[in-house]
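The basis for the numbers below is simple: all heavy atoms, side chains too, and nothing from hydrogens, waters or symmetry mates.
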Amino acid sequence: MFEARHNMDAPTTMSADDGTSGDGGGWFTPRKPPKGPEDGRISTGPEATEAPQAPTALESPGGLAAPEASQAPASPEGPASPEGPEASQHQAPPPQAQSTAPPISVQQAKPMRKASADALLVQRTMAEIAPVADKVTSYFYALLFTRHPDLRALFPAAMDTQRDRILKALLTAAEHIDHTDVLVAYLKNLGRGHRKYGTQAEHYPAVGECLIGALSRYASTTWDEETEAAWVRTYTTISQVMIDAAAEDEMRAPAWWFAEVVSHDLRTPDIAVVTVRPDQPYPFLAGQYTSLETPWWPRVWRHYSFASAPRADGLLSFHVKAVPAGWVSNALVHHARPGDILRLGPPTGSMTVDHTTDSGLLCLGGGTGIAPIKALVEDVAEHGRRRPMEVFYGARTDHDLYDIDTMLRLQQSHPWLAVRPVVDQRAQLPDAVREYGPWNEYDAYLSGPPGMIRNGVDALRDIGIPEGRIRHDAVEELVASD
């Protein structure tokens with residue numbers, strides 16, 4: 001539950017205790033490791049060990065957090081009437097105010113000097129707990145829900161897919177703790193995003209307390225007072241950046257938007273184009289994405305890219321593919337109908353076009369990943385600049401090229417655009433790109449399944465495109481976008 005961003009006050013630093021509610025002390029006064037569930041003091045029922053994907057103590061598309069993203073004191077129970085009081089409290093910020101912080105990359109944050117003492121201690125802890133990540137995560141939630149049962153309502157009813165997100169977020173923050181410029185952008189984005197879960201500044205100390213409790217138990221070999229102090233300083237810094245970002249964002253934007261479904265176009269048996277009308281202006285940039293909650297699965301949010309550039313009528317479209325066991329995707333494809341009310345988090349993502357240059361654009365879109373690529377084409381067209389744009393649209397079968405007609409119409413309208421369908425059972429889209437080019441003067445954009453993005457980044461590097469000119473959404477977010 002790292003999703004508060006309201007209070008400007010720094011989180012209180014109390015110390016982890018032994019798992020009992022005792023007197024004195026606080027968060028970070030060194031204590032002996034807390035007793036575990038096997039000692040009979042902490043329950044580890046399904047609620048403490050399952051999770052789909054919402055509140056998570058330290059999560060990612062950007063980083064540490066619990067629920068998933070961003071909003072003001074929001075009802076964690078799901079969409080209400082679009083006329084609800086919170087819906088009109090704030091004016092939406094201009095697109096420039098929205099976060100476009102990119103995911104942290106190792107290359108981007110390579111250390112230029114010797115790691116700090118705190119970073120070394122934090123990384124030593126992470127190395128020790130890595131083999132028992134599942135146990136650390138389960139124990140963390142057991143502590144959190146036992147000590148702070150009121151926070152359970154911020155999380156989805158089931159917690160099966162989010163359990164390891166806390167560890168991934170911890171690893172990300174720990175790995176880059178010395179790289180302030182990169183980490184701050186990452187954390188601010190995360191802090192703003194968590195407003196939608198209803199996270200408050202006062203929730204952060206509870207998360208920190210249980211985090212320290214779980215780490216101290218499972219990093220027993222390396223844990224000592226010096227290590228605990230390093231974690232306290234690290235967590236305090238991380239949480240304060242998120243809290244301040246949330247408080248600033250609350251002054252200019254709602255925590256979420258209500259959006260009414262106005263059309264539902266089933267393109268294939270498992271792919272739908274869902275168009276919604278937000279209850280307030282929703283500023284975003286082509287290439288960005290948002291988090292979305294349905295009334296069928298309260299507090300479960302999934303990420304979807306905008307399938308068009310901003311439109312004069314204010315409507316937003318998303319391409320959704322129903323995946324096996326995908327709660328949100330199946331609800332949107334098979335159950336959503338005009339009139340249904342969804343909730344949207346704030347826009348985010350850095351896969352946007354730099355309109356200050358004339359570089360060509362090389363775009364790889366796999367499956368429904370063609371949605372943000374289509375938005376980028378519209379964005380370039382609206383700016384009226386004839387920049388060469390090459391779009392590779394990948395699919396396993398012709399049937400999966402569900403939006404090819406739209407892309408070919410765009411190609412007919414814009415002579416600077418080339419659309420190349422790539423149909424391959426192995427979905428080797430990056431291999432097809434190597435046959436064309438050269439691409440050294442192009443900016444690259446990738447959108448699609450995580451495997452395609454990973455392979456695509458490697459392929460583009462191999463053919464000479466610098467990493468700084470390759471843009472894509474955070475792979476961690478894509479994995480959970482069901």
Side-chain angles (χ1 to χ4, degrees), residues 53-54 67-95 97-99 192-198 249 252-266 272-322 326-349 368 371-372 374-375 477 481-482:
Q53 174 203 336
E68 182 194 89
S70 69
Q71 286 177 288
S75 161
E77 291 305 326
S81 161
E83 288 81 35
E86 294 90 351
S88 59
Q89 273 184 332
H90 305 284
Q91 294 298 314
Q98 298 297 338
S99 168
R192 286 187 286 263
H194 274 71
R195 289 180 57 215
K196 69 174 177 281
Y197 295 107
D249 193 57
R252 62 191 183 195
W256 66 81
W257 286 253
F258 292 106
E260 179 183 0
V261 176
V262 295
S263 71
H264 185 278
D265 178 12
L266 194 64
V273 176
V274 181
T275 301
V276 303
R277 178 185 292 110
D279 65 326
Q280 302 180 65
Y282 189 100
F284 70 98
L285 300 175
Q288 290 190 306
Y289 63 92
T290 187
S291 51
L292 186 154
E293 180 205 53
T294 72
W296 301 280
W297 295 105
R299 302 188 301 281
V300 178
W301 298 75
R302 293 294 184 268
H303 300 95
Y304 294 99
S305 295
F306 300 105
S308 68
R311 296 165 47 167
D313 59 11
L315 298 181
L316 310 172
S317 292
F318 306 96
H319 293 186
V320 184
K321 179 180 176 65
W327 297 1
V328 175
S329 64
N330 277 283
L332 290 172
V333 171
H334 301 302
H335 301 290
R337 294 292 181 269
D340 289 334
I341 303 298
L342 313 177
R343 282 204 299 174
L344 305 177
T348 189
T368 53
K374 173 176 169 286
E477 288 298 294
S481 294
D482 63 351

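- Between A375 and A286 the shortest heavy-atom distance is O-CB, 3.5 Å.
- Interatomic distance, W296 CH2 to N330 CG, rounded to the nearest 0.5 Å: 11.5 Å.
- To the nearest 0.5 angstrom, K374 atom NZ is 13.0 Å from F306 atom CZ.
- Within the structure, side chain to side chain donor-acceptor pair (under 3.5 Å) contacts touching residues 306-317 (residues at least two apart or in different chains) are T275-S317, R311-D313.
- Expressed to the nearest 0.5 Å, how far CD1 of I341 lies from CD of E260 amounts to 4.5 Å.
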Begin with the C-alpha distance, continue with both residues' side-chain angles, and end with the deciding distance and a verdict on side chain to side chain contact (heavy atoms under 4.5 Å, CB included) for V300 and V328. CA-CA 8 Å; V300 178; V328 175; 3.8 Å; yes

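- The distance from the CG atom of L344 to the CZ atom of F258 is 10.5 Å, given to the nearest 0.5 Å.
- L315 has its side chain out of reach of V276: every pair of non-hydrogen atoms, C-beta onward, lies at least 4.5 Å apart.
- Residues passing the side-chain contact (heavy atoms from CB on, under 4.5 Å) test with S305, sequence neighbours excluded: Y289, P372, D473.
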Output side-chain donor-acceptor pairs under 3.5 Å for residues 331-340, partner residues at least two apart or in another chain, one line each.
{"unit_1": "D340", "atom_1": "OD2", "unit_2": "R337", "atom_2": "N", "d": "2.7"}

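- Applying the side-chain contact (heavy atoms from CB on, under 4.5 Å) test to A371 and every residue at least two apart in sequence or in another chain returns A307, H319.
- Contact detail for Q288 and T348: the closest heavy-atom pair is CB-O, 3.1 Å.
- The OG1 atom of T294 sits 10.0 Å away from atom CH2 of W301, with the distance rounded to the nearest 0.5 Å.
- You'll find the side chain of L316 reaches within 4.5 Å of the side chain of P278, heavy atoms only.
- Note that OH of Y304 and CG of L342 are 10.5 Å apart. Values are rounded to the nearest 0.5 Å.
- Side chains of Y282 and T290: a donor-acceptor N/O pair is present below 3.5 angstrom, by distance only.
- For T368, there are no side-chain hydrogen bond (donor to acceptor under 3.5 Å, both in side chains) partners two or more places apart in sequence or in a different chain.
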Run the numbers on F318 and L292 for side chain to side chain contact (heavy atoms under 4.5 Å, CB included), then give the verdict. CA-CA 10 Å; F318 306 96; L292 186 154; 4.3 Å; yes

